[in-house]
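Presented below is the structure to which this report refers.
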Amino acid sequence: MPQLSVIVYGPNAQGHLTELLDSLEAHPLTDAEVIVAAVGDWAREAAAGHAPETVVVPLPDGTGDAAARAAGAARARGRWLHFVHAKDSLPAGTPRLITERTAELDAADGDDTPAAAHAAVDVLLLDHVTTTWQSAARPSRDARFLAAVGRAGLPLDEAADLLRLTPLLGNRVLRADFWRAHEDLLTNDDEPHAAQAVLLRADRVACLNQVAYEHRELRPESLPPRAPEDRFALIERYESLLALARDRRAARAVLYDLMMRDLVRTFAGENLPDAVAREFFRRASLAAVRWRPENHERPAGVEGVRHALLEEGAYTKYRAFQAANRTRRAAKKAVRTRKKQVGAKLRDQQYHRALSRPIDPNLAVFAAYWERGVACNPAAIAAKLAELAPHIHPVWVVAKENTALLPPGTDHVIPGTRRYWETVATAKYLVNNVNFANAVVKRPGSIHLQTHHGTPLKRMGLDQMEHPAAAKGLDFAALLSRIDKWDYSVSANSHSTRMWERAYPARYTSLDYGYPRNDVFYTSDAQAVRAARERLGIAPGKTAVLYAPTHRDYEAGFTPRLDLAEFADRLGEDTVLLVRAHYFYGGAASPLTGLRRSGRIIDVSSYDPVEELCLAADALVTDYSSIMFDYANLDRPIVVYADDWETYRTTRGVYFDLTAEHPGQVARTQEELTEIFVSGAWRDDSAKKARAAFRRRFCEYDDGHAAERIVRRVFLGEPEEALPPVIPIEERTPAPTPQEATA
């Protein structure tokens with residue numbers, strides 16, 4: 001009996017079935033089977049080309065989706081069923097993710113301890129992306145609902161907001177026994193109805209906050225036209241679901257909110273004939289009154305007025321309200337547009353006047369991470385500039401919301417202001433670890449220094465063209481225009497130099513000097529290490545493990561990929577876990593809220609600079625983050641936790657296989673990760689050997705003098721031969737380890 005049956009159903013719409021089956025065949029899994037309920041000859045022929053790896057159930061043209069699902073499920077042997085429409089797709093590695101998560105749920109359900117004495121999980125909910133005929137892999141808005149639940153199974157009544165997930169069958173996996181007991185719920189060809197119905201009948205649900213489904217929206221003009229009267233089915237769907245939820249108060253309240261939202265949107269957005277619109281409004285009004293929960297409060301503002309008019313059945317008033325709203329919105333839009341045009345014209349005039357002024361040879365503009373503040377390589381360069389060239393005045397570009405966090409006395413400008421444009425127009429030096437705005441002009445005589453902010457494992461720049469899900473609509477022509485302004489590009493190793501020149505092809509000069517932000521790993525002493533640990537509250541004698549996962553383009557929010565409490569417990573009383581979410585998520589590390597400052601788990605997501613965290617940590621656990629390349633300078637243990645390597649590699653694209661060229665031990669599951677630490681393998685001879693090879697390759701130029709080399713070459717104009725030479729790696733002395741610093 002396989003763990004999972006992937007049931008592909010439906011016609012080969014626009015040829016997408018073939019690519020779906022190709023992707024499944026490219027990543028075979030022994031604990032999963034693929035069944036194709038192929039509707040029509042074209043689907044049967046496409047599926048037959050993948051036999052015997054797939055079980056083909058041929059069905060005649062015109063077979064509905066519900067009947068196709070039932071036919072496929074009847075042949076399934078798996079403990080869990082994943083229904084995948086033939087037009088949709090599965091990201092690489094999805095069956096593995098699902099089989100591992102469902103096996104975990106089965107193990108929990110089989111536990112006979114009192115804490116596990118509960119009903120089995122019936123439905124596993126997944127995140128997804130949406131691809132259309134004109135865009136690729138748009139993230140869903142479901143991640144926050146999935147993240148709020150966490151990994152434990154629980155009754156739907158305790159997490160009714162899960163009904164707000166996009167209603168797809170593909171983003172939910174059903175226990176086979178549950179399907180057989182409630183097969184009647186899926187006899188409706190209306191997929192949103194079926195998707196919600198299975199939730200309403202489930203005893204317990206669980207979540208997998210990872211993208212494990214790709215929903216494809218076909219161009220409406222390529223599909224059979226819908227009759228205006230088809231909109232009535234929306235009302236029937238919600239009335240049927242509300243009847244199913246009659247005994248579930250929390251679920252009924254959520255469904256009612258969803259119904260009112262969708263009824264109002266449909267009425268407002270569809271250009272229906274007047275007779276159909278009146279009948280839709282009448283039926284919607286009856287449903288709104290019939291199913292309104294007791295003590296239900298309407299939303300505030302305009303939306304609340306819409307709901308009140310709908311409940312009242314006031315069709316004429318509603319249309320008048322719509323017309324007035326349209327007029328008001330048009331007037332406001334015209335005012336806003338005019339203000340923007342006037343403001344943009346004024347800024348352009350100010351900027352162009354400033355561009356006519358002489359360049360100030362003693363003015364340097366710094367920015368980092370899209371105007372976050374004083375950070376990264378630009379910050380290290382600015383600090384060394386103050387030491388070696390104090391006559392050059394630094395000005396930082398900082399977003400308004402970040403100015404309160406600046407070090408006292410930091411001269412700064414806010415993007416878009418008059419002083420901002422005057423400063424970037426007249427500065428001789430412009431330093432950034434990303435790019436300046438497209439509108440910033442590269443003046444003759446000015447120097448643009450691109451420092452970057454990491455060693456590239458993932459694909460960057462033009463190499464992202466092959467990975468549209470990661471590029472997310474990146475304007476490559478604008479990117480080329482920005483990189484053409486670079487005079488210098490900083491690199492920490494020859495691998496980076498080659499990748500930058502490939503991903504960002506232009507006429508800049510590569511500076512193989514090392515990353516200035518990594519200088520601290522060679523210039524810090526024992527006192528600096530002790531001070532960093534004291535600021536973090538790490539008691540003497542404790543082992544501090546820094547867990548720093550990276551951003552995933554296929555996830556909308558940050559959810560720890562580890563059960564942090566369990567991991568900390570297994571590591572023992574003498575270990576402190578420092579957890580740092582990627583900065584892309586801002587303050588969204590909400591899953592850590594209950595664990596903050598608990599003594600052995602410390603949320604350091606907002607702690608800056610990150611280099612201090614590295615100095616304080618005895619070891620690093622990461623996945624694909626560039627922090628591993630920086631931390632390797634300290635010559636301390638690194639463990640890679642690559643639980644979704646196949647998905648990341650396929651979705652984001654990578655420059656080398658991290659599982660083969662790693663800086664230490666590699667774990668694919670939490671149990672493997674825990675065993676690496678419990679057994680001591682994290683710092684054994686094989687880990688040291690792998691780390692030594694990794695350091696030789698990726699710490700090539702980092703020796704503590706990178707910032708000095710850059711300041712002398714770029715700002716002081718000293719010749720290459722006069723710069724401090726790079727110290728061979730075997731002759732470098734990193735900062736002392738915490739054990740050495742506290743001995």
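Just so it is clear, the structure is predicted and the values come from calculations on it, not from any experiment. The analysis underlying the following values was restricted to heavy atoms, covering all of them including side chains, and did not include hydrogens, waters or symmetry mates.
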Using modelled atom types and a 3.5 Å cut-off, is there a donor and acceptor pairing between side-chain atoms of [X] and backbone atoms of [Y]?
X      : Y      : result
Ser626 : Gly454 : no
Thr410 : Leu406 : no
Arg732 : Ile727 : yes
Lys442 : Ser446 : yes
Glu700 : Ser494 : yes
Thr650 : Glu646 : yes
Arg668 : Ala642 : yes
Arg636 : Cys614 : yes
Arg459 : Val654 : yes
Glu661 : Phe694 : no

Asp475 with Arg482: basic N within carboxylate O range, under 4.0 Å: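 No.
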Among Tyr429, Phe436, Trp396, find the residue that satisfies the ring-ring contact (aromatic ring centres under 6.0 Å, His included) test when tested with Phe366.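 Exactly one pass, corresponding to Trp396.
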If we only count heavy atoms from C-beta on, is the [X] to [Y] side-chain gap below 4.5 Å?
X      : Y      : answer
Val434 : His453 : yes
Thr647 : Leu97  : yes
Tyr420 : Ile414 : no
Ile359 : Thr426 : no
Arg713 : Leu723 : yes
Leu218 : Lys87  : yes
Val413 : Trp421 : no
Leu20  : Val84  : yes

What closest approach, in Å, do [X] and [Y] show between heavy atoms, and which atom pair accounts for it?
X      : Y      : result
Ala354 : Ala425 : CB-CB, 3.6 Å
Ser605 : Asp603 : OG-OD1, 2.6 Å
Ala619 : Tyr631 : N-OH, 3.2 Å
Gly704 : Asp519 : C-OD1, 3.3 Å
Ala548 : Ser625 : O-CB, 3.7 Å
Ile676 : Ala667 : CD1-CB, 3.9 Å

Kindly determine whether Arg151 and Asp563 satisfy salt bridge (charged side-chain N to carboxylate O under 4.0 Å, His left out), including the steps that lead there. CA-CA 8 Å; Arg151 296 182 67 84; Asp563 183 331; over 6 Å; no
For side-chain contact (heavy atoms from CB on, under 4.5 Å), just list the numbers for Gln450 and Val490, CA-CA rounded to whole Å, side-chain angles, deciding distance to a tenth of an Å, and then say yes or no. CA-CA 6 Å; Gln450 171 59 248; Val490 178; over 6 Å; no
Looking only at side-chain N and O atoms, does [Y] offer a donor or acceptor that is under 3.5 Å from a partner on [X]?
X      : Y      : answer
Asn433 : Asn377 : no
Thr737 : Asp618 : no
Ser140 : Asp127 : yes
Asp623 : Thr550 : no
Ser489 : His452 : yes
Asp484 : Ser481 : no
Ser89  : Glu19  : no
Thr132 : Glu217 : no
Tyr522 : Asp702 : no

Is the centre of the [X] ring less than 6.0 Å from the centre of the [Y] ring?
X      : Y      : answer
Tyr648 : Tyr624 : yes
His662 : Trp645 : no
Phe567 : Tyr641 : no
His495 : Phe698 : yes
Tyr508 : Trp500 : no

How would you list, by chain and number, every residue that makes a salt bridge (charged side-chain N to carboxylate O under 4.0 Å, His left out) with Glu387, sequence neighbours excluded?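 Testing Glu387 for salt bridge (charged side-chain N to carboxylate O under 4.0 Å, His left out), a comparison that skips the adjacent residues, returns Lys384.
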Identify, with sequence neighbours excluded, every residue that meets salt bridge (charged side-chain N to carboxylate O under 4.0 Å, His left out) alongside Arg691.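 If we apply the salt bridge (charged side-chain N to carboxylate O under 4.0 Å, His left out) test to Arg691, skipping adjacent residues, the hits are Asp635.
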Look up atom [atom1] in [X] and atom [atom2] in [Y], then write down how far apart they are to the nearest 0.5 Å.
X      : Y      : atom1 : atom2 : answer
Asn209 : Asp142 : CG    : CG    : 9.5 Å
Ile627 : Glu611 : CD1   : CD    : 8.5 Å
Glu672 : Asp643 : CD    : CG    : 10.5 Å

Let's go through Arg709 and Asp703 carefully: what are the C-alpha distance in whole Å and the side-chain angles of both, what is the deciding distance for salt bridge (charged side-chain N to carboxylate O under 4.0 Å, His left out) to 0.1 Å, and is it a yes or a no? CA-CA 11 Å; Arg709 282 189 280 267; Asp703 65 352; 2.6 Å; yes
Begin with the C-alpha distance, continue with both residues' side-chain angles, and end with the deciding distance and a verdict on side-chain contact (heavy atoms from CB on, under 4.5 Å) for Leu363 and Ile392. CA-CA 6 Å; Leu363 179 60; Ile392 297 178; over 6 Å; no
Quick one, His215 with Thr166, criterion side-chain contact (heavy atoms from CB on, under 4.5 Å). Give me CA distance, side-chain angles, the key distance, then yes/no. CA-CA 10 Å; His215 172 58; Thr166 308; 5.8 Å; no
Would Met499 and Phe656 count as a side-chain contact (heavy atoms from CB on, under 4.5 Å) here? Give the steps. CA-CA 11 Å; Met499 296 309 103; Phe656 65 92; over 6 Å; no
Side chain to side chain donor-acceptor pair (under 3.5 Å) between Asp630 and Tyr515, worked out: CA-CA 9 Å; Asp630 302 330; Tyr515 275 158; over 6 Å; no
Walk me through whether Arg695 and Asn633 qualify under side chain to side chain donor-acceptor pair (under 3.5 Å). CA-CA 7 Å; Arg695 292 184 75 231; Asn633 282 284; 5.3 Å; no
Under the criterion salt bridge (charged side-chain N to carboxylate O under 4.0 Å, His left out), I'd like the reasoning laid out for Arg580 against Asp608: C-alpha separation, chi angles, the key distance, then a yes or no. CA-CA 11 Å; Arg580 184 175 181 84; Asp608 282 318; 3.2 Å; yes
